[in-house]
Asks: 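Please see the structure below; I have some questions.
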2 protein chains.
Amino acid sequence: MPRRIKSKHQLVATLDAELLRRVRAHGGLSRMQLARELKLAPSTAGIYVDRLVREGFLLETETTGRATAGRPATSLVPNPDGGRFIGVDFGVPNLMATVVDFSQRPLRQSHTTLRPADSAARILAKIELAIEEMTARDPRPVLGIGVGVPGTIDPVTNVAVHYEFTRGWNNVPLGARLTERFGVPVFLENNIRSMALAELWFGAGRGLRNFVCIGIRSGIAAGVVVNGQLLHGAQHRAGEIGHWVCPVPEELAAHPPARRQRGWRWQTAAKLEQVASLSAIVATAQRGLKRNPKTSLAGVKGPLAIDDVLAAARDGDAFAASLVRAAGRAHGWVAHQINELFNPEKIIFAGPLADFGDLFITTVRETARELGGAGCDAVIVNSILGQYNGAVGAAALALHQWKPRR
Amino acid sequence: MPRRIKSKHQLVATLDAELLRRVRAHGGLSRMQLARELKLAPSTAGIYVDRLVREGFLLETETTGRATAGRPATSLVPNPDGGRFIGVDFGVPNLMATVVDFSQRPLRQSHTTLRPADSAARILAKIELAIEEMTARDPRPVLGIGVGVPGTIDPVTNVAVHYEFTRGWNNVPLGARLTERFGVPVFLENNIRSMALAELWFGAGRGLRNFVCIGIRSGIAAGVVVNGQLLHGAQHRAGEIGHWVCPVPEELAAHPPARRQRGWRWQTAAKLEQVASLSAIVATAQRGLKRNPKTSLAGVKGPLAIDDVLAAARDGDAFAASLVRAAGRAHGWVAHQINELFNPEKIIFAGPLADFGDLFITTVRETARELGGAGCDAVIVNSILGQYNGAVGAAALALHQWKPRR
DNA sequence: TGACAGTAATTTCGATTTCGAAATAATACC
DNA sequence: GGTATTATTTCGAAATCGAAATTACTGTCA
């Protein structure tokens with residue numbers, strides 16, 4: 001007789017949640033399929049499902065056309081009215097929020113900006129405002145809140161431990177604060193990791209057990225999924241590839257090189273973030289304006305923004321395009337390193353460069369293939385989830401942890 | 001992040017096996033401690049322990065001096081006579097074998113060499129011979145065999161899939177072959193990963209949940225432990241950092257550089273393995289003999305071996321020492337990258353360079369600290385397990401999977 | 001068209017496992 | 001000797017299993 005390690009308590013505690021997760025992931029499963037997936041006796045699966053149906057969290061749906069013999073399965077889907085979850089994701093310039101229903105469909109979204117000068121208190125206030133906005137004029141209960149936070153967090157105490165680019169952002173008791181304010185469970189996660197969760201549950205990572213999501217915004221970080229689970233590291237600081245010391249594509253080097261080495265340059269001090277993040281690209285563009293008088297970027301009023309560079313590249317501006325391509329080379333190197341180390345099924349790029357289109361990702365692929373010799377096993381793709389990516393992942397974080405109280 | 005149900009077949013196969021693992025790890029646990037660790041009711045823990053004692057796999061030991069009030073706990077330890085396990089680890093030049101008893105104490109070890117020209121069949125024969133030698137003149141039953149194999153393996157089918165440096169080493173049904181021959185369960189693992197297992201269970205990784213073990217032999221690879229489990233990757237090919245494209249320390253560059261860049265050099269094509277593996281170091285030493293007439297290495301007869309270089313470095317030869325230091329720099333860069341990506345508790349170096357002493361590891365630490373700016377969170381250490389490292393890990397692999405049949 | 005075989009999902013219903021709380025055991029400290 | 005404290009065992013209750021019904025279909029053949 002096979003013995004289970006999970007005690008009754010632990011099993012009961014998580015079985016409801018796990019069952020709901022599977023149903024959400026597949027969008028409709030029968031009792032038998034659930035029993036097989038969770039390795040439960042059919043009778044046990046039945047007991048749980050029946051209870052969740054009775055409580056209004058699952059709906060039994062009519063079986064759609066089958067052609068197989070045998071009693072048709074009754075499909076179970078999450079009841080959209082089971083409750084709502086809120087997700088917030090913020091980074092240096094943007095704060096995104098979303099509400100999703102119980103079947104994880106987004107109901108509403110909002111977007112505000114944060115200023116680099118904003119204090120921790122100000123950011124907290126803006127988060128609370130965004131959450132209120134999401135719950136306004138909708139009587140259905142909110143069951144949980146997820147927040148994607150830049151920097152390191154402690155998912156046990158729900159404290160935002162540190163973020164290097166916001167003053168005073170140290171040991172902010174974000175979880176406690178929001179729980180107190182809204183009276184529902186709050187879950188924190190690092191924001192690149194919540195992007196990875198979004199990929200895992202809705203995006204290019206659906207159904208995969210091993211993939212890496214690389215988020216390129218003002219910083220660069222990786223969310224790593226191993227065996228279907230997020231990698232956190234000893235101090236929840238895993239994925240900081242922005243600090244990787246990397247080769248520098250010619251075009252992105254701070255000073256023109258003395259001598260070309262097949263288009264790359266090595267500097268001891270070059271961190272990936274200072275080379276191929278959005279802010280680094282903008283800075284390089286700014287520096288290069290004089291040397292590239294023909295570029296359409298010269299006509300931009302005020303300080304350059306990444307959107308200017310991307311728009312110019314899209315319109316065929318050679319200088320802007322060369323910068324995008326150079327960033328693609330740097331990230332191709334990253335993809336190669338990650339592929340060799342993790343051997344993931346996919347490497348997913350997220351952020352404005354990914355939303356931008358083919359020029360970037362094609363260069364990434366080419367570079368990774370070149371460096372890999374035999375080729376790169378991992379499929380390299382752009383995220384297709386768009387900019388609410390992190391917020392949706394954060395909402396799903398709360399949604400996926402939630403379980404009915406027994 | 002999904003808290004996954006450890007259902008019966010998933011993470012922890014059976015309570016019996018898990019219980020034995022815990023007892024081995026702690027070297028003596030009471031029923032209560034086991035119940036707490038495994039989150040079982042005390043009564044349940046009691047049932048399992050009693051049965052294992054009855055069957056002769058656990059021994060109840062006298063309680064050693066305590067000072068606490070309350071009924072003293074009866075400590076449980078594995079019965080050394082519960083059975084023996086054999087571990088084999090082979091790489092390009094060496095084949096190591098060991099037998100351990102049921103309490104994972106090594107009983108005997110052996111060492112043979114393989115020649116690069118050896119065919120797959122010849123290697124298989126040598127493995128079988130080594131195993132026989134281990135079981136000879138000892139009537140106690142062998143319960144399992146673990147093998148650390150270079151290259152990729154499939155732990156499900158127990159096939160050695162591929163190894164680039166051995167001719168004909170493709171889809172070798174090593175597991176089936178040995179099971180048939182010896183009639184016991186056989187487990188395969190990649191050999192760097194079995195080194196990591198040895199560290200996890202006996203070495204510098206004891207008690208840690210997140211660490212990385214870097215093995216430097218004729219190739220370079222990493223065994224990664226995340227949440228107490230080995231990382232395998234989608235095709236069981238994770239950890240191939242030997243293929244990483246890396247900066248090249250001056251001293252190890254194939255051609256003297258045109259211009260120094262703070263002691264490093266970047267080449268698009270430089271793979272870590274071609275720069276800082278044992279064979280690369282030997283090759284560089286050989287190449288550098290002419291330019292360094294004063295080195296004691298010039299006096300070595302025949303082709304250089306890595307031991308010559310290490311011995312010379314230990315004796316104060318400046319050229320040899322500079323090569324060791326340069327390898328340390330390269331691996332310091334590796335440690336930095338790994339630290340940022342995984343945020344492990346430790347980074348453990350294994351192989352002759354680690355056995356060699358401080359010169360190497362100190363340079364690694366310094367370089368990692370420099371590159372990390374704020375410093376490197378992970379503790380960087382040498383393995384202290386010596387060269388039977390992988391064999392012991394392989395034996396433990398079998399030992400830890402084993403469970404009494406019910 | 002309607003019995004009937006075939007098939008697969010679900011339920012039913014004891015059997016088994018595991019739990020949880022209370023009882024018991026074995027010590028230290030007073 | 002009594003009390004406090006912790007480990008282990010006891011024992012009824014709850015969870016889960018597994019195999020055997022039962023149900024609800026499809027397809028086939030008279």
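Just so you know, these numbers come straight off a predicted model, no measurement behind them. Just so it is clear: chains get the letters A, B, ... in the order the sequence lines come, proteins before strands, and each one is counted from 1.
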Asks: Between atom CG in B:Asp16 and atom P in C:dT17, what is the gap in whole Å?
Replies: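 Rounded to whole Å, this separation is 12 Å.
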Asks: Calculate the interatomic distance between B:Arg31 atom CZ and C:dA25 atom P; express it in whole Å.
Replies: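 To the nearest whole Å, that distance equals 15 Å.
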Asks: Could you give the CD-to-C1' distance, from B:Glu60 to D:dA7, as a whole number of Å?
Replies: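 To the nearest whole Å, that distance equals 12 Å.
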Asks: Of all the choices, D:dT8, D:dT9, C:dT10, which nucleotide is nearest to the side chain of B:Asp50 once you look at every atom?
Replies: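 Shortest atom-to-atom distance from the side chain points to D:dT9.
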Asks: I want to check one thing: is the phosphate of C:dC19, taken as OP1 and OP2, less than 4.0 Å away from some side-chain N or O of B:Thr44?
Replies: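 Indeed, a polar side-chain atom of B:Thr44 lies that close.
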Asks: If you only use heavy atoms from C-beta on, which nucleotide in D:dT5, D:dT8, D:dA7 is closest to the side chain of B:Thr74?
Replies: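 For B:Thr74, the side-chain atoms sit closest to D:dT8.
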Asks: Do the ring planes of B:Trp402 and B:Phe102 sit parallel (below 30°), tilted (30 to 60°) or perpendicular (above 60°)?
Replies: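 Rings of B:Trp402 and B:Phe102: perpendicular, as their planes differ by over 60°.
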Asks: Could you work out which one of D:dA7, C:dT10, C:dG6 sits closest to the side chain of B:Met32?
Replies: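 Of all the options, the side chain of B:Met32 is nearest to D:dA7.
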Asks: A:Arg84 and side chain to side chain contact (heavy atoms under 4.5 Å, CB included): which partner among A:Val142, A:Leu399, A:Val100?
Replies: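 Going through the options one by one, the only one that passes is A:Val142.
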Asks: Expressed as a whole number of angstroms, how long is the span from B:Gln33:CD to D:dT8:C1'?
Replies: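 Those two atoms, CD and C1', are 13 Å apart.
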Asks: If you check every side-chain atom of B:Pro72, which of C:dT27, C:dG6, D:dT16 has the closest atom?
Replies: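 For the B:Pro72 side chain, the nearest candidate turns out to be C:dT27.
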Asks: How long is the line joining NZ of B:Lys39 and P of C:dT18, in whole Å?
Replies: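 Rounding to the nearest Å, NZ of B:Lys39 and P of C:dT18 are 17 Å apart.
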Asks: Using whole Å, what does the distance between atom P of nucleotide D:dT16 and atom CG of A:Leu34 come to?
Replies: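 To the nearest whole Å, that distance equals 15 Å.
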Asks: Using a 4.5 Å cut-off on heavy atoms from C-beta on, say whether the side chain of B:Arg31 contacts that of B:Asp50.
Replies: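 Touching, per the 4.5 Å side-chain cut-off.
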Asks: Between D:dT5, C:dT18, C:dT10, which nucleotide gets closest to the side-chain atoms of A:Ala73?
Replies: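 It is C:dT10.
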Asks: What is the minimum heavy-atom distance between B:Ala204 and B:Val381, and which atoms define it?
Replies: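 So the minimum-distance heavy-atom pair works out to CB-CG2, 4.0 Å.
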Asks: For the side chain of B:Ala41, starting at C-beta, report the closest nucleotide among C:dC19, C:dA9, D:dT16.
Replies: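 Between C:dC19, C:dA9, D:dT16, the one nearest the side chain of B:Ala41 would be C:dC19.
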Asks: Check the distance between D:dT9's C1' and B:Ile47's CD1 and give it to me in whole angstrom.
Replies: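 That distance rounds to 10 Å.
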Asks: With a 4.0 Å cutoff (strictly under), does any side-chain N or O of A:Tyr48 reach OP1 or OP2 of D:dT16?
Replies: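 For D:dT16, OP1 or OP2 has a side-chain N or O of A:Tyr48 closer than 4.0 Å.
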Asks: Check every atom of D:dT16, D:dA7, C:dT18 against the side chain of B:Arg71 and return the nucleotide holding the closest atom.
Replies: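 Looking only at side-chain atoms, B:Arg71 lies closest to D:dA7.
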Asks: Quick check for you: among C:dT18, D:dT23, D:dT10, whose closest atom lies nearest to any side-chain atom of B:Ser43?
Replies: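 Output: D:dT10.
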Asks: Measure centre to centre between the rings of B:Phe187 and B:Phe85, then say whether the value is under 6.0 Å.
Replies: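 No, the ring of B:Phe187 stays outside the 6.0 Å limit from the ring of B:Phe85, centre to centre.
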Asks: B:Arg51 CZ to D:dT8 C1': how many Å, rounded?
Replies: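 Distance, rounded to whole Å: 17 Å.
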